[in-house]
Amino acid sequence: MTVRTRFAPSPTGYLHIGGVRTALFNWLFARRHGGQFLLRIDDTDAQRNLSEALQPILDGFRWLGLDWDEGPEVGGPHAPYYQSQRAERHRAAAEQLLASGAAYRDYATAEEIQAERDTARQEKRRFLYSRRWMAETEAQAAAFESAGRSAAVRLKMPREGTCAFHDLVRGDVEFEWALEQDHVVQRADGSCLYHLASAVDDHDFAITHVIRAVEHLSNTPRQMFISAALGYEAPVFAHLPYVAEPGSAEKLSKRKLSKYLKHHEFKKAYDHGAAIAEALGRVVTPDTFSPVVVDFYRAVGYEPDALVNYLLLLGWSLDDRTETFTREQMIEHFSLERVNRSPASFDPQKLLAFQERRMQALSVEARVSRVLPFVEGVGLVDSPPTDPQRARVTDVVRAAGERLKVAGDILNYPEFFQPDADVAYDEKAFTKRVRKEGVDTRLRRFRERLVVVDPFDAPTLDQAMHDFVATEGIGIGQIIHAVRVAATGKAVGFGLFEGLAILGRAACLARIDRALDRLA
RNA sequence: GUCCCCAUCGUCCAGAGGCCCAGGAUACGGCCCUUUCAAGGCUGAGACACGGGUUCGAAUCCCGUUGGGGACGCCA
């Protein structure tokens, strides 16, 4: 038997962190067993702009490298993979359920059901439909219909016994049938609901393992009931713990960004990303841009491998120390048996740590390729860049070293790409380091040295600086900060001599002159 | 409210009766390095929710308490 798993996103316009974790585990399980991973689009609730809402999700999967063997855009033997296009098939299944007596036509109104529900709540017991408006014969149906009622199709759930199954993550689980609702599977207008559609599609697509979040655990009995009534063999289930909010045990949800921003580390991650996205001219609003959404990481310049590796370890581990996995290693070692049963909260800071490691492991060339779209995007270099521009980017990437945590961090160094006159001064830094007694004279004298330094490279500049402070009889701190602010506009940055060398003699001299002018 | 689930450092994980006065990662503190910012090196602090059992022995098994969470739709 070939293992077949699926992930079934609803087209919502974005790919959620929790969803990707579920998809990743499905993907890994399928790959581990040499099976197939499919994508099914759960759009039974008539979607308006399907392609618009779906594209970001597919893009997200592609970016992460989670390829699907069957599904939208790639097709497959069971196409179409959109639930909305399988309505006839679902309706036929509903008919079959009716015919076998596993379901019945129910003529209750929404108000009547609600009233029963309210009563149950008042009596502090679990609601169970009375089946008062159930029609099992044509005569009963006709009677209700002549009274102007219309019918939905409900499952006729067993009212005794238990539903027991083995869950690959939770172990043996058991539910009492008597606690299960007579769920509606088809509306009066003929459209079918998720649980029916899902059971039918899983069967039709030959899904062998349903790996999904725990919130679906309590849906399992009714889906198994549907499968059995339709004569299907039930798939194997595995219910993953949900991903929790940063620093909390509550389920992570996409619509709570403002709440998450109160969490210090989450806010830091958000601010870091928002600054980069805004520099690129993206409109950043809580609804469209958040560390809870996968696209955030792409926009900011994370490595997809970092995100995947982090997510892998959210609820799964190999042992007590292995943290870094290649795709091949993940696939080789992944097992549902080692998935945790308790929820894990999402920690953007730890994710960043994974990202740093991945970034550092990349070659300079690879980092340059990651960084280029960002400098091009803000117009710091041409698109595509000229050879000298590319060389400059390479120099900056090399000099910045570990300071480049995400590709978008390159935007912290615009001064290496701007014309001298465009470099912005950090006023606080300028006041503290340049606008000080004696600094102008020292800057002028150091400038004289720069004119003749040869070659104009980092070691020689370093030497020149040390010679300078020795002959002047000053501490290095009395000049070096001023030079940095004059040349880069900032008080912080990577090695000063590397920076000066990258800028070149002409730019350094011009920038020192500009700072001196500013003092006058 | 009803049903179900979960419970080890702040966070993510290891631990499937003795290897554990609990290990790794991350975050945090200190020191070192240092022209700034990072990084790095060394180092420190930090947890088995509580109470009962079972056992020669429990973080590990059982029961209860407490705490946290999830599901209870003609949503998916």
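Heavy atoms only: backbone and side chains are in, while hydrogens, waters and symmetry mates are out. Throughout, protein chains are lettered first and strands after them, A, B, ... in sequence-line order, and every chain is numbered starting at 1.
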Exercise. By ring pair (Phe, Tyr, Trp, His ring centres under 6.0 Å), which residues pair with A:Tyr129, not counting sequence neighbours?
Worked result: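 Checked A:Tyr129 against ring pair (Phe, Tyr, Trp, His ring centres under 6.0 Å); zero matches.
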Problem set entry | Contacting residues from residues 191-203 of chain A, given that a heavy atom lies under 4.0 angstrom of RNA chain B |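 Only A:Leu193, A:Tyr194, A:His195 qualify.
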For this session: Check RNA chain B against residues 119-127 of chain A and give the residues with a non-hydrogen atom under 4.0 Å, in numerical order.
Result: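 Residues of residues 119-127 of chain A under 4.0 Å from RNA chain B: A:Arg121, A:Lys124, A:Arg126.
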For nucleotides 4-7 of chain B, give me every protein contact, N/O to N/O, under 3.5 Å, one pair per line with atom names.
unit_1, atom_1, unit_2, atom_2, d
B:C5, O3', A:Arg170, NH2, 3.3
B:C5, O2', A:Arg170, NH2, 2.5

Problem set entry | Which residues share a side chain to side chain contact (heavy atoms under 4.5 Å, CB included) with A:Gln85, sequence neighbours left out |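 Listed in chain order: A:Pro80, A:Tyr82.
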Problem set entry | Residues which pass side chain to side chain contact (heavy atoms under 4.5 Å, CB included) with A:Ala399, listed by chain and number, not counting sequence neighbours |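 Residues passing side chain to side chain contact (heavy atoms under 4.5 Å, CB included) with A:Ala399: A:Phe494, A:Glu498, A:Ile502.
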Problem set entry | A:Arg86: side-chain hydrogen bond (donor to acceptor under 3.5 Å, both in side chains) partners, not counting sequence neighbours |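 Residues passing side-chain hydrogen bond (donor to acceptor under 3.5 Å, both in side chains) with A:Arg86: A:Asp201, A:Asp204.
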Exercise. Partners of A:Asp440 by side-chain hydrogen bond (donor to acceptor under 3.5 Å, both in side chains), sequence neighbours excluded?
Worked result: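 With sequence neighbours excluded, A:Asp440 shows a side-chain hydrogen bond (donor to acceptor under 3.5 Å, both in side chains) to no residue whatsoever.
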Exercise. What pairs with A:Glu215 under salt bridge (charged side-chain N to carboxylate O under 4.0 Å, His left out), at least two apart in sequence or on another chain?
Worked result: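 Expected list: A:Lys251.
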Problem set entry | Non-neighbouring partners of A:Glu145 that pass salt bridge (charged side-chain N to carboxylate O under 4.0 Å, His left out), sequence neighbours left out |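 With neighbours one apart ignored, the set is empty.
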For this session: Would you mind building the protein contact string for nucleotides 20-30 of chain B? One character per nucleotide, 5' to 3', B for base within reach (heavy atoms under 4.0 Å), S for sugar-phosphate only, - for untouched.
Result: ---BSBSS---
Exercise. Which letters describe nucleotides 58-66 of chain B, given B = protein heavy atom under 4.0 Å from base, S = only from sugar-phosphate, - = neither?
Worked result: ---------
For this session: Report yes if at least one side-chain N or O of A:Lys432 is closer than 4.0 Å to OP1 or OP2 of B:U36; otherwise report no.
Result: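 Checking A:Lys432 against B:U36: no side-chain N or O falls below 4.0 Å of OP1 or OP2.
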